[in-house]
Every structure is written in structure tokens, then in C-alpha cells.
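We name chains A, B, ... by the order of the sequence lines, and we start the count at 1 in each one.
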There are 2 protein chains.
Amino acid sequence: MKLTSKGRYAVMALVDLARFNNINPVSLRDISLRQGISLDYLEQIFLKLRKKEIVQSVRGTQGGYILNKKAKEIKLINIFEAVDEKVKTVQCKKESKKGCNGKAVKCLTHNLWDELENHINNFFDKKSLEDLVKDNSERRVSNG
Amino acid sequence: MKLTSKGRYAVMALVDLARFNNINPVSLRDISLRQGISLDYLEQIFLKLRKKEIVQSVRGTQGGYILNKKAKEIKLINIFEAVDEKVKTVQCKKESKKGCNGKAVKCLTHNLWDELENHINNFFDKKSLEDLVKDNSERRVSNG
DNA sequence: TATAAACCCGACTAAAATAGTCAAGTATCT
DNA sequence: AGATACTTGACTATTTTAGTCGGGTTTATA
């Protein structure tokens, strides 16, 4: 059970963006350098973030990206969904009338995995980008 | 972020085993048939479960596996650990004095992933095999 | 108006992980 | 003796991941 780089990078990049989100857009090149993430990969990620209206792009020289909503309103779950980082605990489709593995009944542990999914998504639902930025600046202060 | 089959199968198989865990050992063949899991794969999984002393094996005809502890005492976290289904949210080693990605400081989101890991492991810590067996038999009754 | 910075986008690919399979055992019951 | 069932290591196809690459388009500015 592991978090993929895509999801991690998306969050890292957005925290970075949120911190420098003044009037000027932030270029992916800067984020790439600061966070040590491949520029090409970042572009793929931001394409998705833009399509889900989490960020806005500014083209041309001096261009870059800006947040499209307030940091408070951007939850982790939105970010993960945007980059297709879903929490998947079961193979079987929830919608299907049939049970798991094509059997007539739900597998013995179906409810468990549903619970787990909810448990994790609940965490993602509560955390906002603002929380992360705050947490980070507080830590910086307290660490000297 | 997804749960692998190995972890899922391990839990499914153990719930199955716990339900039929009377005096007689349960053969992997039976579990394989009931749960629709490849016998060869089950053998791999039970090898690990046995090494971690979650189950005990009985060789020969009429052999199989039995639980090595009370269902109440077997937590999900033990099962997952046994089959190497770890929760991994960060690439960076926790032990290293250095920060993430070889940088001098922790990445902006390091604490977040730690929190997430704890959140998930907390769930696994609380659930026991007994809980799952109970939950299942209750559901069967209420569903008719 | 040329140039460079930066976003836009699809296609490709190497490496790793996953989810098994296969083969050749050993132990035990009947 | 034969069947059942655990034991173990090696192998492999498939899928996913984590990118790379190449060619665009847009826009500020010198």
C-alpha cells in the first residue's frame, strides 16, 4: 500500500506554489528546482491540475501558474482526484449488483475495505492546502 | 494508493480460516476454492504467515493450517506486516539524518505523509481477525 | 520583430512491482 | 504404496510507475 510519486509531487508542488502565491505566477521551472522534481513530469501533473481548475495558467514569458481557489478551499482529496491518485482497496466494482470476484455474495472482507477507503479519504477530506502551508511555516519558526 | 492482492488475500484467507477453525486444520485447497484465490499464490502467502507465527501448519493428509493465536489477538497490522504489505508514503528514509531527496531539510510535506501513515496504521492496529469474523456473521444473519 | 521563457500535449519507454506459475521436493495418513 | 497437503525456490508475463522526448503555441521584452 503505497502513495505514488505523482500524488506526492502534486501536493509538494502545490504547497510550494501556495507559499509563493503572491501576485506573480510561479513557473514550473522554479518549482522543479526548489522541489527537485523533473520539469517534464511537473508539466504532466499541472496539466491535470489545471483541467480540474485547481490552478490557472499564465502563458508566455514571466508566466507560470497561480492557485485558482483559496488555499483553504483546496483539499488533499481534490488534488489526488485531479491527478488520478485514487484510493483503491478492492478490485471489484462497487456498482455491480454481483458480489466480488463474480460471485453471488460479497467477499468476506468487502466491508472492511470499504471502511478502510473511507478512513483514508476522510483524512484527505479534512486537510487543506492552507493547513499544510501553515504547518510548514510554524515548523520553520520553531526549528529556528 | 492501492492495496495489493497479497495483503487482501492474506486477510481474506485468514478470515476464512478463522471461521472454520474448529479442531481440524483447514487446507489451502479449500480456502483456494472458497475464496477463488490461486493455490500456488496462497502457499506463498501462508509460508510468510507461518514464519511470523500467525498460523501453524499440519502436514500430511488431512493436514492444513490452524490459527496460532486467538483471533482476537491477531490484528490486521500483524497480517500485513507478515506479508510485507507495508504502508509507504515517502521514499525518503526516516532514519537518515539528512532530509528528503538528499536535501538538507525535510520536504515541505514530510510531516503530512507521516501523519497519513499513522492514520492508516492506526486503523490496522485496531481491527482484529475476530472483529472481521463477527462482523461477517452478523451481516449474514441480518441479510437473511 | 526576433528571441527566449514558459505553458501545452501526445507519444514513447525503461524500470520496478505485482501477481502469479512451475517444478521438485518432504511429511503424514490410510 | 499412494494420495493429500505442506515446503521452497526459481521463473515469468503483465501492469504500473515514473518518467523522457519532441514538437508545438503563447506572450513579454529587448
- Sole candidate of A/V11, A/V87, A/T4 that passes side-chain contact (heavy atoms from CB on, under 4.5 Å) when paired with A/F80: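 The single option meeting the side-chain contact (heavy atoms from CB on, under 4.5 Å) with A/F80 is A/V11.
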Write down the distance between [atom1] ([X]) and [atom2] ([N]), rounded to a whole number of angstrom.
X     : N      : atom1 : atom2 : answer
B/L17 : D/dC6  : CG    : C1'   : 14 Å
B/F46 : D/dT8  : CZ    : P     : 15 Å
B/L3  : D/dT16 : CG    : C1'   : 16 Å
A/L39 : D/dC21 : CG    : P     : 12 Å
B/Y41 : D/dC6  : OH    : P     : 18 Å
A/Q44 : D/dG24 : CD    : P     : 19 Å
A/I45 : D/dG19 : CD1   : C1'   : 10 Å
B/L47 : D/dA5  : CG    : C1'   : 14 Å

- Task: Specify the residue among A/D40 and A/R59 whose closest nucleotide of DNA chain D lies further upstream toward the 5′ end.
- Result: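 Nearer the 5' end of the strand: A/D40.
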- Under 3.5 Å donor-acceptor, B/H119 side chain and A/H119 backbone: yes
- Message: So does B/S27 get a backbone contact from the side chain of B/D30, meaning a donor-acceptor N/O pair under 3.5 Å?
- Response: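 Absent.
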- Looking at A/R8 and A/E85, does any basic side-chain N land under 4.0 Å from a carboxylate oxygen? no
- A/D16/A/R34 ion pair, N-O < 4.0 Å: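 So A/D16 pairs with A/R34 through a salt bridge.
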Looking at [N], I'd like to know if its phosphate oxygens (OP1 or OP2) sit under 4.0 Å from a side-chain N or O belonging to [X].
X     : N      : answer
B/S57 : D/dA5  : no
B/R29 : D/dA3  : no
B/Y65 : D/dT7  : yes
A/T61 : D/dT29 : no

- Query: Got a sec, which pairs hit side chain to side chain donor-acceptor pair (under 3.5 Å) with one end in residues 40-60 of chain A, sequence neighbours left out?
  - Reply: A/K48-A/D84
- Item | B/L108/A/Q35 under side-chain contact (heavy atoms from CB on, under 4.5 Å): CA gap, chis, key distance, verdict | CA-CA 9 Å; B/L108 297 178; A/Q35 303 304 325; 3.5 Å; yes
- Message: Can you give me the first and the last nucleotide of DNA chain C (5' to 3') that has an atom within less than 4.0 angstrom of a non-hydrogen atom in chain B?
- Response: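 Under 4.0 Å from chain B, the extent on DNA chain C is C/dT18 to C/dC29.
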- Looking only at side-chain atoms of B/E43, point me to the closest of D/dT17, D/dT4, D/dT7. D/dT7
- Side chain of A/Q62 only, please: which of D/dA28, D/dT7, D/dT20 is the nearest? D/dA28
- Query: Pick the nucleotide of DNA chain C nearest each of B/K2 and A/V26; which residue has the one closer to the 5' end?
  - Reply: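 The 5'-side residue here is A/V26.
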